[in-house]
2 protein chains.
Amino acid sequence: MGVVRKTQSVSLVLEAFKADSKAISVIDLVDRFNDKINKTTVYRVLDRLEDDGVLHSFLGVNGIKWYAPCKDCSEHKHSDVHPHFQCTDCGKIDCLNVDITIPKLPNREVVGAQVLIQGKCEACCN
Amino acid sequence: MGVVRKTQSVSLVLEAFKADSKAISVIDLVDRFNDKINKTTVYRVLDRLEDDGVLHSFLGVNGIKWYAPCKDCSEHKHSDVHPHFQCTDCGKIDCLNVDITIPKLPNREVVGAQVLIQGKCEACCN
DNA sequence: AGTATATTTGCAACTTAGTTGCATTAATAG
DNA sequence: CTATTAATGCAACTAAGTTGCAAATATACT
């Protein structure tokens, strides 16, 4: 179901994620492409790529949207239960390959969770 | 150090939290008091109450700011490691009295974490 | 290749959450 | 009850994200 067309904008965005394979904030992407892709288009491309299971999104410390490449996400079932780590020094975000166990909650039906761990990243620890 | 004066605005805001003791979004508070307290003042009162360790803040699903009464938070050391639960049906948020264990991360210094669990709340499960 | 169709894009204008500066008001100390 | 300092209201602003619509472009079909 190639709902997502391989346009120039899509290629550019995907290249950005291939380059450093970390999470990138929408703001950063909009800024990075501000002479090549329109702001609105960046938002829409990211939206489509998320729908297609290529990227997944989450919120950083200030409620800013970030995207990262999906590894184990399929189009319909996003396994977004992995935590993200945001550095308080440089602000960069990594996806962590760790599983966080969400406790069973009586009388509640859990469908997902967002975990954002804050601290100093590997680079900033030196 | 009574840096926070007991003004009318502060009393009104505190009453709101005493009333239902759940988390309340800033948007809700601004709206609730829109004929009694100026929007800017609501933001500033919440800010001060958080500094004083009376309330703690966190972000809901759409990056909207929420506040909840602190139980074990002191003025200088906020023990904000408890998770929050946001209902996907009614949108309300509870503080959970559960501890989430953050895994040890090699080469990183963890200073905190924000955990937002999503699902159906007790009321909406019936 | 050339054309039809549907998706994608750019633009401008808008919405919404949150912030800032500054003059006025009100709480507390003395 | 006055002086001092913190708190408030207002208006204007910032920044992230959205919407509608006309123009452009990718794909499917012949």
Side-chain angles (χ1 to χ4, degrees), chain A residues 1-16 23-68 75 84 86 91 93 114 116, chain B residues 1-17 23-68 75 84 86 91-93 114 116:
Chain A
M1 306 298 241
V3 184
V4 174
R5 291 187 176 176
K6 270 159 207 155
T7 66
Q8 224 167 18
S9 314
V10 170
S11 309
L12 280 170
V13 169
L14 286 180
E15 270 174 43
I24 312 178
S25 73
V26 180
I27 298 187
D28 185 359
L29 285 168
V30 168
D31 191 58
R32 213 182 277 198
F33 294 123
N34 75 344
D35 52 343
K36 292 185 180 151
I37 315 177
N38 183 273
K39 176 174 76 156
T40 311
T41 304
V42 174
Y43 279 98
R44 291 195 273 222
V45 165
L46 292 168
D47 225 45
R48 266 181 279 143
L49 290 173
E50 182 170 29
D51 276 353
D52 252 37
V54 180
L55 302 176
H56 67 274
S57 73
F58 56 93
L59 299 176
V61 271
N62 296 117
I64 293 171
K65 211 168 187 182
W66 289 69
Y67 281 87
E75 189 168 342
H84 296 101
Q86 182 156 28
I93 302 189
Q114 296 179 26
L116 184 66
Chain B
M1 305 301 236
V3 185
V4 174
R5 290 186 177 177
K6 270 159 207 155
T7 65
Q8 224 167 20
S9 313
V10 170
S11 309
L12 279 170
V13 169
L14 286 180
E15 271 174 43
F17 283 101
I24 313 178
S25 73
V26 179
I27 298 188
D28 185 359
L29 284 167
V30 168
D31 191 60
R32 214 183 278 198
F33 294 124
N34 75 343
D35 52 344
K36 292 186 180 152
I37 316 177
N38 184 274
K39 175 175 75 156
T40 311
T41 305
V42 174
Y43 278 98
R44 291 195 273 221
V45 165
L46 292 168
D47 225 44
R48 267 181 279 142
L49 290 173
E50 183 171 29
D51 277 352
D52 252 38
V54 181
L55 301 177
H56 67 273
S57 72
F58 56 93
L59 299 177
V61 271
N62 295 118
I64 293 172
K65 212 167 186 182
W66 290 69
Y67 281 86
E75 188 169 343
H84 296 100
Q86 181 155 27
K92 286 184 188 163
I93 302 190
Q114 296 179 26
L116 183 66

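In this text the structure is predicted, and so the values were computed from the model without any measurement. Every chain is numbered from 1 and lettered A, B, ... according to where its sequence line falls, protein lines coming before strand lines.
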J.: Would you check if B:Val10 and B:Arg5 make a side-chain contact, meaning some heavy-atom pair closer than 4.5 Å?
T.: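 Not in contact.
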J.: Please enumerate all residues that pass side chain to side chain donor-acceptor pair (under 3.5 Å) together with A:Ser11, with sequence neighbours excluded.
T.: none
J.: Could you tell me how far apart A:Tyr43 (OH) and C:dC11 (P) are, to the nearest whole angstrom?
T.: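 That distance rounds to 17 Å.
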J.: How many whole angstroms separate atom CG of B:Leu46 from atom P of D:dA7?
T.: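 So the CG-P distance, B:Leu46 to D:dA7, works out to 14 Å.
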J.: When you measure from the side chain of B:Ile27, which nucleotide among C:dA17, C:dG10, D:dT8 comes out closest?
T.: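 When the side chain of B:Ile27 is considered, C:dA17 is the closest of C:dA17, C:dG10, D:dT8.
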J.: Check whether any side-chain N or O of A:Thr40 sits under 4.0 Å from OP1 or OP2 of C:dG10, and answer yes or no.
T.: no
J.: A:Tyr43: which residues meet the side-chain contact (heavy atoms from CB on, under 4.5 Å) condition with it, sequence neighbours left out?
T.: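 In terms of side-chain contact (heavy atoms from CB on, under 4.5 Å), with neighbours along the sequence ignored, A:Tyr43 is linked to A:Val26, A:Val30, A:Lys39.
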J.: Figure out the NZ/P separation between A:Lys65 and C:dA17, and round it to whole Å.
T.: 16 Å
J.: Can you name the closest pair of heavy atoms from B:Tyr67 and B:Phe17 and give their distance?
T.: O-CE2, 3.2 Å
J.: Checking A:Ile37 now: which residues fulfil side-chain contact (heavy atoms from CB on, under 4.5 Å) with it, not counting sequence neighbours?
T.: A:Ser9, A:Leu12, A:Val13, A:Phe33, A:Thr41, A:Val42
J.: How would you summarise protein contacts on nucleotides 25-30 of chain D per nucleotide, using B for base, S for sugar-phosphate only and - for none, with heavy-atom distances below 4.0 Å?
T.: BBS---
J.: Rounded to the nearest angstrom, tell me the gap between atom CG in B:Leu49 and atom P in D:dA6.
T.: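 Interatomic distance, CG of B:Leu49 to P of D:dA6: 17 Å.
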J.: For B:Asn34, which residues count as a side chain to side chain donor-acceptor pair (under 3.5 Å) partner, sequence neighbours excluded?
T.: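 B:Asn34 satisfies side chain to side chain donor-acceptor pair (under 3.5 Å) with no residue once adjacent residues are dropped.
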J.: Using whole Å, report how far CD1 of A:Ile64 lies from C1' of D:dA15.
T.: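 Whole-Å distance recorded here is 9 Å.
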J.: Distance check needed: C:dT9 C1' versus A:Leu12 CG, whole Å only.
T.: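 Atom-to-atom, A:Leu12 to C:dT9, this comes out as 13 Å.
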J.: Should B:Arg48 be listed as having a side-chain N or O under 4.0 Å from OP1 or OP2 of D:dA7?
T.: yes
J.: Which is more 5' along DNA chain D, the nucleotide nearest B:Val42 or the one nearest A:Arg44? Just name the residue.
T.: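 Closest to the 5' end, via its nearest nucleotide, is B:Val42.
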J.: Counting N and O atoms only, with roles assigned by atom type, does the side chain of A:Asn38 sit under 3.5 Å from a partner on the main chain of A:Thr40, one being a donor and the other an acceptor?
T.: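 Checking the backbone N and O of A:Thr40 against the side chain of A:Asn38, a donor-acceptor pair under 3.5 Å is found.
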J.: Going by the rule side chain to side chain donor-acceptor pair (under 3.5 Å), which residues pair with B:Arg32 if we only count those two or more places apart in sequence or in a different chain?
T.: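 In terms of side chain to side chain donor-acceptor pair (under 3.5 Å), with neighbours along the sequence ignored, B:Arg32 is linked to B:Asp28.
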J.: Nearest 0.5 angstrom please: B:Leu29 CG to B:Trp66 CH2, how far?
T.: 9.5 Å
J.: Take the C1' atoms of the five end pairs on each side of the helix from C:dA1-D:dT30 to C:dG30-D:dC1, derive the two axes, and give their angle rounded to 10 degrees.
T.: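 That helix gives 40° between its end axes.
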J.: If I compare all heavy atoms of A:Val61 with all of A:Gln86, which pair ends up nearest, and what's the gap?
T.: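 Heavy-atom minimum between the residues: N-OE1, 2.9 Å.
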J.: Please report, rounded to the nearest Å, how far the P atom of C:dT19 is from the CG atom of A:Asn62.
T.: 10 Å
J.: For B:Ile64 and B:Ser25, work out which heavy atoms get closest and say how close.
T.: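 Between these two residues, the closest heavy atoms are CG2-CB, 4.3 Å.
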J.: Where along residues 30-39 of chain A does a heavy atom fall under 4.0 Å from DNA chain C?
T.: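 Those residues are A:Lys36, A:Ile37, A:Asn38.
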J.: For B:Asn62, check side chain to side chain donor-acceptor pair (under 3.5 Å) against everything at least two apart and list the hits.
T.: none
J.: What is the distance, rounded to the nearest whole Å, between atom CG of A:Asp47 and atom C1' of C:dT7?
T.: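 It is 15 Å, rounded to the nearest whole Å.
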